[in-house]
2 protein chains.
Amino acid sequence: MQEALYDELIESSTGADFDSFAGAERAMNVTDQSPLTRKLMVFAAMSETELGVLERLHRRRRSFVAGQDLVHQGQTEQAAYILAKGWVCSYKLQPDGTRQIVDVQIPGDFLGLRSVLLRTSDHSFEPITEIEAAEVLAGDLLEALANTPRLATAILWAVSRDEAMVVEHLVGIGRRDADARMAHFLLELGSRLALVGMAGKDGYDCPLTQYHLADILGLTAVHVNRVLRQLRESGMVTFRDGRVAFHDHDRLVELAEFDPAYLDQTGPLLK
Amino acid sequence: MQEALYDELIESSTGADFDSFAGAERAMNVTDQSPLTRKLMVFAAMSETELGVLERLHRRRRSFVAGQDLVHQGQTEQAAYILAKGWVCSYKLQPDGTRQIVDVQIPGDFLGLRSVLLRTSDHSFEPITEIEAAEVLAGDLLEALANTPRLATAILWAVSRDEAMVVEHLVGIGRRDADARMAHFLLELGSRLALVGMAGKDGYDCPLTQYHLADILGLTAVHVNRVLRQLRESGMVTFRDGRVAFHDHDRLVELAEFDPAYLDQTGPLLK
DNA sequence: CGGGGGGTTGATGGACATCAACATCTGTGG
DNA sequence: CCACAGATGTTGATGTCCATCAACCCCCCG
């Protein structure tokens with residue numbers, strides 16, 4: 001049975017048997033769909049059954065205010081979250097007081113998925129804005145994965161994409177200068193937001209402060225300011241008043257050496 | 001059934017039923033054990049059955065010469081490797097020719113585990129020395145995980161540890177200066193090697209060149225040389241002729257702000 | 001009206017890169 | 001056996017990117 005599940009995952013079965021569930025759930029209007037659903041549908045078409053399962057995972061809504069940390073307690077708190085609205089970042093604090101933001105989560109992203117499976121690292125989560133998230137109990141998640149392999153595949157893709165982003169982040173900090181790092185980050189964020197309908201080719205709204213950018217990119221806020229100025233004055237991007245506006249997308253891509261291959265995974269799923 | 005497996009993983013069952021297999025495999029002498037076995041046994045005692053399964057995963061031995069890349073082709077090549085002997089690094093090349101090493105694998109580590117589940121990132125693997133690795137077919141791996149939940153838990157711990165190391169690496173490059181970065185890396189490596197019996201408290205053998213260190217730490221080889229000199233002259237570590245020798249372990253830990261918590265995960269497994 | 005969060009700009013210094021030269025050691029072919 | 005090339009390591013001189021320190025701005029909100 002475990003092997004059968006694996007075959008589903010790898011081969012992305014051509015004809016799974018969903019008949020028994022057919023019609024049990026209503027098709028949703030596109031505008032009703034959660035960001036996660038929008039994102040996953042880019043990777044794989046979903047049956048109504050699968051959409052229903054996804055929708056049921058969103059049932060337990062919770063809200064959190066900005067700024068107050070959501071530290072994931074492991075052990076007792078065996079739940080993950082699907083971010084529905086708002087922005088979050090996961091970071092790690094150094095003994096000397098500096099912090100490094102490891103990743104930024106936007107609507108449609110998972111939060112603490114790994115912490116459900118294993119109580120892992122000691123990083124914290126800070127809501128950047130007020131957020132709404134669906135709490136997903138471990139049991140519900142695993143049941144969903146076991147019963148809808150196609151959904152499981154899509155979620156695995158999402159997780160692997162997150163990992164690829166962390167690696168890309170590492171490369172950026174290690175081997176790109178400040179300008180390229182900033183450009184790369186703004187472009188990556190744009191691609192991610194576009195996937196959930198929160199960005200156009202011209203730009204997007206972005207609640208991050210320059211301090212956030214500094215902690216993401218491994219710079220100081222002062223230098224972030226200068227970098228942003230230079231990008232603005234050279235006519236490539238403007239970051240101002242919570243809005244990122246691309247003026248010369250192509251030149252920006254060139255500066256950042258941005259290759260979105262690791263984001264637009266076109267793999268087995270689409271077979 | 002899926003939920004039962006999950007309970008095993010989280011609760012680390014107190015009395016799983018192994019009777020039907022008891023005695024099917026011979027107990028191995030400690031010196032016979034593979035590095036992976038040694039590592040996993042730190043996290044959880046293994047029954048003879050589990051040791052047998054582990055041993056069977058090591059059957060398909062393959063060797064590779066140093067320097068010639070093991071690029072993981074995804075798709076067709078649905079296999080992972082357990083590194084038995086030698087050192088490997090996984091890296092990512094930039095368009096401008098610089099490279100960033102994401103991680104170093106030592107005996108007992110998995111190679112391309114994620115690539116089995118999903119064809120992920122585009123990083124490559126370079127054997128640093130001549131290596132021996134056991135090829136693990138996807139099917140065998142999943143079967144082993146499904147049949148021996150305690151082993152599955154242990155492997156999940158290993159994977160999560162790898163992820164935590166990448167995050168720690170990111171933080172280091174973003175927020176530590178060259179000296180601390182180097183000290184941290186050498187200490188981390190020491191801890192990892194000690195877990196598979198390849199390091200003592202006084203030091204360990206290390207085939208990395210200063211160029212490798214540079215690509216790992218996001219520095220230039222020239223600067224790596226200076227940093228090493230300074231660490232040597234201040235009496236903390238010597239890196240020379242393929243040997244890392246700790247002279248003042250405590251002071252090094254202090255300089256690196258090295259907190260091995262993320263390596264020595266003492267969690268549910270030990271309950 | 002005061003205070004705080006965010007942003008902007010200048011002056012200065014330090015950490016690290018870059019360039020360049022040279023030392024060792026290994027292997028290789030004449 | 002020697003000459004030579006290539007990989008690795010070592011050290012100095014110089015420059016640059018970015019951090020640090022220090023003002024000062026605007027705007028919002030109590």
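Just so we're on the same page: letters track the sequence lines, and every chain starts at 1. Predicted model, so just to flag it, every value in this text is computed and none were measured.
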Pairs: protein N or O with nucleotides 20-23 of chain D N or O, under 3.5 Å:
unit_1: D:dT20; atom_1: O4; unit_2: A:Arg226; atom_2: NH2; d: 3.3

*Are any of B:Asn225's side-chain N or O atoms less than 4.0 Å away from OP1 or OP2 of D:dG9?*
no

*Test side-chain hydrogen bond (donor to acceptor under 3.5 Å, both in side chains) applied to A:Thr129 - qualifying residues, sequence neighbours left out*: none

_According to side-chain hydrogen bond (donor to acceptor under 3.5 Å, both in side chains), who are the partners of B:His247, at least two apart in sequence or on a separate chain?_
B:Thr238

Roughly, in whole Å, what's the span from [atom1] in [X] to [atom2] in [N]?
X: B:Arg240; N: C:dA23; atom1: CZ; atom2: P; value: 17 Å
X: A:Asp215; N: C:dG6; atom1: CG; atom2: P; value: 12 Å
X: A:Asp241; N: C:dG7; atom1: CG; atom2: C1'; value: 10 Å
X: A:Leu228; N: C:dG6; atom1: CG; atom2: P; value: 15 Å
X: A:Phe239; N: C:dT8; atom1: CZ; atom2: C1'; value: 14 Å
X: B:Arg181; N: C:dA15; atom1: CZ; atom2: C1'; value: 10 Å
X: B:Leu217; N: C:dA15; atom1: CG; atom2: P; value: 17 Å
X: A:Met182; N: D:dC17; atom1: CE; atom2: P; value: 16 Å

*Check the pair A:Glu132 / A:Arg61 against salt bridge (Lys or Arg N to Asp or Glu O under 4.0 Å), numbers first and verdict last.*
CA-CA 7 Å; A:Glu132 284 180 30; A:Arg61 279 284 181 130; 2.5 Å; yes

*Quick one: label B:Gly242 by what it contacts on the DNA or RNA (base, sugar-phosphate, nothing), any heavy atom closer than 4.0 Å.*
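It contacts nothing in the nucleic acid.
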
*Base, sugar-phosphate, or nothing: which does B:Gly218 touch, judged by heavy atoms less than 4.0 Å apart?*
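Sugar-phosphate contact only.
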
*Would you say A:Gln68 has more than 12 foreign heavy atoms packed within less than 6.0 Å of its CD?*
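Open: at most 12 neighbouring heavy atoms sit under 6.0 Å from CD of A:Gln68.
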
*Take the C1' atoms of the five end pairs on each side of the helix from C:dC1-D:dG30 to C:dG30-D:dC1, get both axes, and report the angle to 10 degrees.*
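Between the axes fitted at each end of the helix from C:dC1-D:dG30 to C:dG30-D:dC1 lies an angle of 20°.
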
_Assuming nearest nucleotide by heavy-atom distance, tell me which of B:Arg229 and B:His212 is located more 5' along DNA chain D._
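Nearer the 5' end of the strand: B:His212.
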
_A:His184 and A:Phe258 aromatic ring geometry - parallel, tilted or perpendicular at 30°/60° bounds_ = perpendicular

*asked:* Heavy atoms from C-beta onward define the side chain here; which of C:dC16, D:dT8, C:dT8 lies closest to that of B:Thr209?
replied: D:dT8

*Counting side-chain heavy atoms from C-beta on, which of C:dG6, D:dG9, C:dG10 comes nearest to B:Gln210?*
D:dG9

*What's the verdict on salt bridge (Lys or Arg N to Asp or Glu O under 4.0 Å) for A:Glu168 and A:Arg176, showing C-alpha distance, side-chain angles and the deciding distance?*
CA-CA 11 Å; A:Glu168 193 61 33; A:Arg176 275 192 273 265; 3.2 Å; yes

Can you confirm whether the side chains of [X] and [Y] place a donor and an acceptor under 3.5 Å from each other?
X: A:His212; Y: A:Thr209; answer: yes
X: A:Glu188; Y: A:Tyr262; answer: yes
X: B:Gln230; Y: B:Asp179; answer: yes

*Can you name the salt bridge (charged side-chain N to carboxylate O under 4.0 Å, His left out) partners of A:Arg181, sequence neighbours left out?*
none

*asked:* What residues from residues 169-180 of chain B pass a heavy-atom cutoff of under 4.0 Å to DNA chain C?
replied: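 Close to the strand are B:Asp177, B:Ala178.
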
*Atom of A:Arg99, atom of B:Arg175 and distance for their closest heavy-atom approach*: O-NE, 2.9 Å

*Might you point out which heavy atoms bring A:Leu40 and A:Ile155 nearest each other, and give the distance in Å?*
CD1-CG1, 4.2 Å

